Amino acid sequence: MMKWTGNITGFVMVLTLTACATSKKGVSYLALGDSYTIGESVPVNRNFPYQLADSIGKRGSAYESPVIIARTGWRTDQLIEAIESAHLSNEYDLVTLLIGVNNEFQGRSLKEYERDFRLLCMKSIELAGNKKKRVRIISIPDYGYTPYGEPNRERISERIDLFNASNRRIADSLKLKYVDITGISRRGLNEPDLVADDGLHPSAKMYALWVEEILRKMKDKPH
């Protein structure tokens, strides 16, 4: 979200991580999103895309390091522009999409979000080789359950619920698998170690819990 003013500005592509099997070609993974995808305020190898690839690798599938298209503060329209300019391959074995908190935070309309989010879902399908089973849609976390958001928790949570109801409805209409991690994010005030030191974004520990939930939704191999 735009409030945070740290040093990390985002990634267009992340290429190396020794914990993932990168010495030979493995399963390719594209992660699309915003600060929640790059892992603002945690080491790169502790964001959820890297933890996910690492966890799958430990289960016996060689995963390449994730390609990450994300930046702190991005709305849906900015992610669309970034994807269009990135000249990506259409052959990713796994694509995750998590976007929308900045639409909510900046007071953008739900109608605008729904239009853009549907386009992003369709683009995700295309980038997954037109195989819907390779795509995972991830719900928006609730930053009302952080020290930063707590003073306005009720209003924030209400808006987050509206945006998540929309993205889930769109995902369901397209028959895409949906991973709800919002409940995990709402443990942040009672479990402070789930929030990063900036008081706003998830910690590596919370991302690990997200990965567990994503893996539960991956009974069918994405490739």
Side-chain angles (χ1 to χ4, degrees), residues 1 29-40 42 46-53 55-56 66 68 70 74-76 79 94-105 110 113-114 116-125 128 132-146 149-150 153-191 193-196 200-222:
M1 286 164 283
Y29 171 25
L30 173 66
L32 305 173
D34 50 35
S35 61
Y36 291 132
T37 296
I38 65 173
E40 195 74 76
V42 303
R46 302 305 294 159
N47 64 25
F48 90 79
Y50 269 114
Q51 289 200 54
L52 177 59
S55 294
I56 296 174
I68 299 178
W74 270 358
R75 303 181 305 268
T76 47
L79 179 57
L94 173 64
V95 179
T96 58
L97 174 64
L98 194 178
I99 191 73
V101 71
N102 294 296
N103 293 69
E104 182 280 323
F105 182 72
L110 190 61
Y113 174 69
E114 291 173 337
D116 289 351
F117 190 79
R118 182 173 288 276
L119 286 173
L120 284 165
C121 285
M122 298 301 294
K123 187 62 178 178
S124 296
I125 295 169
K132 293 183 178 182
K133 68 180 181 179
R134 296 180 176 181
V135 178
R136 300 294 182 274
I137 305 301
I138 302 172
S139 69
I140 303 169
D142 188 347
Y143 68 96
Y145 286 80
T146 66
E150 184 178 14
R153 183 179 58 79
E154 186 174 345
R155 179 187 61 80
I156 291 168
S157 295
E158 182 178 357
R159 289 266 293 170
I160 293 294
D161 284 344
L162 285 173
F163 277 72
N164 276 330
S166 291
N167 60 41
R168 182 159 201 160
R169 183 170 60 252
I170 292 168
D172 288 347
S173 73
L174 295 172
K175 294 180 169 43
L176 298 176
K177 290 194 174 183
Y178 188 88
V179 185
D180 188 346
I181 52 80
T182 308
I184 297 172
S185 71
R186 286 173 172 163
R187 292 161 52 181
L189 290 176
N190 291 330
E191 301 176 55
D193 60 346
L194 296 183
V195 180
L200 174 58
H201 292 93
S203 68
K205 183 175 180 179
M206 183 183 287
Y207 283 132
L209 295 175
W210 292 12
V211 167
E212 289 179 9
E213 192 63 27
I214 294 168
L215 290 173
R216 276 194 278 270
K217 297 291 184 178
M218 291 182 67
K219 294 180 181 179
D220 296 330
K221 293 184 178 179

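Because the structure is a prediction, the values reported are computed rather than measured.
A distance-only check finds no donor-acceptor pair linking the side chain of Ser124 to the backbone of Val95 [under 3.5 Å]. Of the possible polar contacts, one joining the Gln51 side chain to the Ala204 backbone as a donor-acceptor pair under 3.5 Å is found. Looking at Thr76, its side chain never comes within 3.5 Å of a backbone N or O of Gly100 through a donor-acceptor pair. Between the Tyr207 side chain and the Tyr36 main chain, a donor and an acceptor come within less than 3.5 Å of each other. Although no hydrogens or angles enter the test, the distance criterion places no donor-acceptor pair under 3.5 Å between the side chain of Ser166 and the main chain of Glu114.
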Show your working on side chain to side chain contact (heavy atoms under 4.5 Å, CB included) between Met218 and Leu52 and close with a plain yes or no.
CA-CA 11 Å; Met218 291 182 67; Leu52 177 59; 4.3 Å; yes

Given the rule in the side chain to side chain contact (heavy atoms under 4.5 Å, CB included) test, do Leu119 and Lys123 qualify, once you have shown the distances and angles that lead to the verdict?
CA-CA 6 Å; Leu119 286 173; Lys123 187 62 178 178; over 6 Å; no

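Among all heavy-atom pairs drawn from Val42 and Pro202, the shortest one is CG1-O, 3.6 Å. Here the closest heavy-atom approach between residue Asp180 and residue Ser139 is recorded as OD1-OG, 3.3 Å. Nearest approach of Gly149 to Ile156, heavy atoms of both residues: O-CD1, 3.6 Å. Contact detail for Ile184 and Glu213: the closest heavy-atom pair is CD1-CB, 4.3 Å. When all heavy atoms of Ile140 and Leu98 are compared, the closest pair comes out as CA-CD2, 4.4 Å. Closest of all the heavy-atom pairs between Ala53 and Pro66 is CB-CG, 4.2 Å.
Between the CG atom in Leu209 and the CD atom in Glu191 there is a gap of 8.0 Å [rounded to 0.5 Å]. Rounding to the nearest 0.5 angstrom, the gap separating the NZ atom in Lys132 from the NZ atom in Lys175 is 6.5 Å. Distance CG/Leu162 to CD/Glu104: 9.5 Å, rounded to 0.5 Å. Residue Tyr143 holds its OH atom at 8.5 Å from CG of Leu200, rounded to the nearest 0.5 Å. Separation of atoms CZ (Arg159) and CG (Asn103) is listed at 9.0 Å; rounding is to 0.5 Å. Put simply, CG on Asn167 and CG on Asp116 are 13.0 Å apart, with the number rounded to the nearest 0.5 Å.
Of the candidates Ile99, Ile68, Thr96, Ile68 is the only one forming a side chain to side chain contact (heavy atoms under 4.5 Å, CB included) with Thr37. Checking each of Leu30, Leu79, Ile138, Val135 against Leu97 for a side chain to side chain contact (heavy atoms under 4.5 Å, CB included) leaves exactly one that passes, namely Leu79.
Under the ring pair (Phe, Tyr, Trp, His ring centres under 6.0 Å) criterion, Tyr113 pairs with Phe117, Phe163, not counting sequence neighbours. Take Ser157 and apply the side chain to side chain contact (heavy atoms under 4.5 Å, CB included) test, not counting sequence neighbours, and it matches Asp142, Tyr145, Arg153, Arg186.
Ser203 places a side-chain heavy atom less than 4.5 Å from the side chain of Met206.
Checked by atom type, the side-chain pair Asp161/Asn164 shows no donor-acceptor distance below 3.5 Å.
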